Amino acid sequence: MRDKPPRSTRRQVLLVGATIAIAGLGSSFGAAAQDFPKGPVKIIIPFAPGGPTDTVGRLIAQKLQEIWGQPVIVDYKPGAGTAIGVDFVAKAPPDGLTFGMVNSSFAVNPSLRKNLPYDTVKDLAAITQIANLQLAIVAKPDAPFNTVPELIAYAKKNPGKLTYGTPGAGSTTHLGAELLKREAGFDMLHSPFKGSAPAHTELMGGRIDIVVDPFLSILPYVKAGRMKMIATLGDKRVAGFDYPTVAETLPGFNVNALLGFVAPHGTPRAVIQKIQADTEKVLRTPDIRKRIEEQGMEVVASRPQQFEAFVQSEMKRWARVINEAGIQAE
């Protein structure tokens, strides 16, 4: 009978074997990523067709289809403040063949909606932040203020008199306005609507004083003189325009609506990295970048770990605003 190898030797053998197995697993994931995708890919958009988000999603899908040589299908699953579509992604097979678009509701919903059917952190994996969507504050043309300092001064002199409209309670526009109120130390009454169009109608009809909405949505009315631009909410001016930012009055203020891709938790890291790399390649293409910027967005194209960190920081920020303001989902 041969002697058993010493315990330390056996441990070394086991460790070497495990290392080889892990290396083999990593190489198989790498090979899988190189071959990805081997069949049709589905991108879930948690909104109804139409609007800038859908436009961007279809642009990227078309270009990824050209890169991958496989069908890339856009599938719409709107409702429940994007929760229906995100839940579909969370429960999809973690093979990279189904992933989805998310907006700022992805970071807001954990605090706003107490009964989400998925765990934002545990059930989903970040792929990339595609872009930032610029937001803006507009007023009636005859409003007695033209700038952020004038708006703040008027609101403080007339507490509770101002009414502002947004596309809905819990939207990024609503939360951005609430953050502005807190940081500037004034008050105004929120009037939520079922989308942007009704808010625009009420503002132009003189029944509310301010609207906070995506920059692109209000730009035609500003150009036509039917609304007055007060400021944009991002940390820098919108490219190609000379409109001031809130941050020029309140340093550090920065509210944008994010747009990104997420995958089911458990999707191989190498596959996620390939989706991210190919999406970034699309976003860096001059014509695609130009078309996205024409939608009032700023291209980001972040790495998975960067997007994950950003989402978690946004979750914390909006949780504080939601709790302090007592905001509830409609």
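In what follows, residues are counted from 1 in the order of the sequence shown. Everything quoted here is computed from the prediction, not taken from an experiment.
- Members clustered with Phe88: Ile44, Val86, Val89, Val102, Phe106, Leu116, Tyr118, Val121, Leu124, Leu258, Val262, Phe307, Phe310, Val311, Met315, by chain and number, using a 4.5 Å side-chain heavy-atom cutoff among hydrophobic residues.
- To the nearest 0.5 Å, the span separating CG on Asn103 from CD1 on Ile45 amounts to 11.0 Å.
- Taken to the nearest 0.5 Å, the CG atom of Asn254 stands 8.5 Å off from the CG atom of Leu233.
- With Thr82 contributing its side chain and Pro78 its backbone, the two residues share no donor-acceptor pair below 3.5 Å.
- Residues Asp287 and Arg289 are not paired through a salt bridge, judged by the lack of any N-O separation under 4.0 Å between the basic side chain and the carboxylate.
- Taking hydrophobic clusters as Ile, Leu, Val, Met, Phe, Trp and Tyr residues chained together by side-chain heavy-atom distances below 4.5 Å, Val271 shares a cluster with Ile130.
- In terms of heavy atoms, Thr166 sits closest to Ala199 at O-CB, 4.3 Å.
- Nearest heavy-atom pair across Pro192 and Ala169 is CB-N, 3.7 Å.
- By the rule that hydrophobic residues join a cluster once side-chain heavy atoms approach within less than 4.5 Å of another member, Val211 and Met229 end up as members of one cluster.
- Considering only heavy atoms from C-beta on, Pro167 stays 4.5 Å or farther from Lys194 through its side chain.
- Criterion: ILVMFWY side-chain heavy atoms under 4.5 Å apart, direct or through other members. Under it, Leu135 and Trp318 are part of a common hydrophobic cluster.
- A salt bridge between Arg291 and Glu294 is absent, with no side-chain N of the basic residue lying under 4.0 Å from a carboxylate O of the acidic one.
- In terms of modelled atom types and a separation under 3.5 Å, the side chain of Asn109 and the main chain of Leu112 share no donor-acceptor contact.
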Pair Asp54-Tyr76, side chain to side chain contact (heavy atoms under 4.5 Å, CB included): steps then yes or no: CA-CA 9 Å; Asp54 179 32; Tyr76 302 96; 2.6 Å; yes

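- The backbone N or O of Ala263 sits nowhere less than 3.5 Å from a side-chain atom of Thr267 that would complete a donor-acceptor pair.
- Judged by distance alone, with hydrogens and angles left aside, the side-chain atoms of Thr201 form a donor-acceptor pair with the main-chain N or O of Ala197 at under 3.5 Å.
- Of the possible donor and acceptor atoms, none in the side chain of Thr232 sits under 3.5 Å from a partner among the backbone N and O of Gly234.
- One hydrophobic cluster, built from ILVMFWY side chains closer than 4.5 Å, cannot hold both Val300 and Ile292; they sit in different ones.
- At least one donor-acceptor pair under 3.5 Å links the side chain of Thr147 to the backbone N or O of Glu150.
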Show me the side-chain donor-acceptor pairs of residues 238-246 shorter than 3.5 Å, one per line, residues at least two apart or across chains.
unit_1: Asp242; atom_1: OD1; unit_2: Arg237; atom_2: NH1; d: 2.5
unit_1: Thr245; atom_1: OG1; unit_2: Ala247; atom_2: N; d: 3.4
unit_1: Thr245; atom_1: OG1; unit_2: Glu248; atom_2: N; d: 3.2
unit_1: Thr245; atom_1: OG1; unit_2: Glu248; atom_2: OE2; d: 3.4

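- Ser105 contributes no side-chain N or O that, together with a main-chain N or O of Val108, makes up a donor-acceptor pair within less than 3.5 Å.
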Using residues 218-226 as the side-chain source, report each donor-acceptor pair under 3.5 Å to any protein atom, sequence neighbours left out, with the distance given to one decimal.
none

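- Between Lys290 and Glu293 there is no salt bridge, since no side-chain nitrogen of the basic residue lies less than 4.0 Å from a carboxylate oxygen of the acidic one.
- Among all heavy-atom pairs drawn from Arg317 and Leu179, the shortest one is NH1-CD2, 3.7 Å.
- A distance of 6.5 Å separates CD1 of Ile73 from NZ of Lys42, quoted to the nearest 0.5 Å.
- Between His200 and Ser217 the shortest heavy-atom distance is CE1-O, 3.8 Å.
- Between atom CD of residue Glu178 and atom CD of residue Glu324 there is a gap of 10.5 Å, rounded to the nearest 0.5 Å.
- Side-chain atoms of Ser196 and Asp213 include a donor-acceptor pair closer than 3.5 Å.
- Looking at Asn256, its side chain never comes within 3.5 Å of a backbone N or O of Asn132 through a donor-acceptor pair.
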What verdict does the side chain to side chain contact (heavy atoms under 4.5 Å, CB included) test give for Leu162 and Ile210, after you've listed the backbone C-alpha separation in whole Å, the side-chain angles of each residue and the deciding distance to 0.1 Å? CA-CA 8 Å; Leu162 282 179; Ile210 296 169; 4.2 Å; yes

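- Residues Thr163 and Ser191 approach most closely at CG2-CB, 3.8 Å, considering heavy atoms.
- Distance alone, capped at 3.5 Å, is enough to place a donor-acceptor pair between the Lys228 side chain and the Ala143 backbone.
- When each of Lys181, Lys157, Lys161 is checked for a salt bridge (charged side-chain N to carboxylate O under 4.0 Å, His left out) with Asp187, only Lys181 meets the rule.
- Pairs engaging residues 126-166 under the ring pair (Phe, Tyr, Trp, His ring centres under 6.0 Å) rule: Phe145-Tyr154, Tyr164-His190 [sequence neighbours left out].
- Residues Met297 and Phe261 share a hydrophobic cluster, clusters being chains of Ile/Leu/Val/Met/Phe/Trp/Tyr side chains in contact below 4.5 Å.
- Nearest heavy atom pair, residue Ala301 against residue Arg284, reads CB-NH2, 3.6 Å.
- Atom CD of Gln305 is separated from atom OG1 of Thr128 by 10.0 Å, given to the nearest 0.5 angstrom.
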N/O donor-acceptor pairs under 3.5 Å from side chains in residues 91-99, not counting sequence neighbours:
unit_1: Lys91; atom_1: NZ; unit_2: Asp87; atom_2: OD1; d: 2.4
unit_1: Lys91; atom_1: NZ; unit_2: Pro117; atom_2: O; d: 3.0
unit_1: Asp95; atom_1: OD1; unit_2: Leu97; atom_2: N; d: 3.0

Throw together a table of side-chain donor-acceptor distances under 3.5 angstrom for residues 61-72, partners on residues two or more places apart or in other chains.
unit_1: Gln65; atom_1: OE1; unit_2: Val72; atom_2: N; d: 2.8
unit_1: Trp68; atom_1: NE1; unit_2: Asp278; atom_2: OD2; d: 2.6

Where do Met227 and Met204 land on the side chain to side chain contact (heavy atoms under 4.5 Å, CB included) test, with the steps shown first? CA-CA 7 Å; Met227 297 179 184; Met204 290 184 290; 4.2 Å; yes

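- We find the CG-CG distance between Leu151 and Leu180 to be 6.5 Å, quoted to the nearest 0.5 Å.
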Take Leu133 and Phe215 through the side chain to side chain contact (heavy atoms under 4.5 Å, CB included) test and state the conclusion after the steps. CA-CA 8 Å; Leu133 175 62; Phe215 175 80; over 6 Å; no

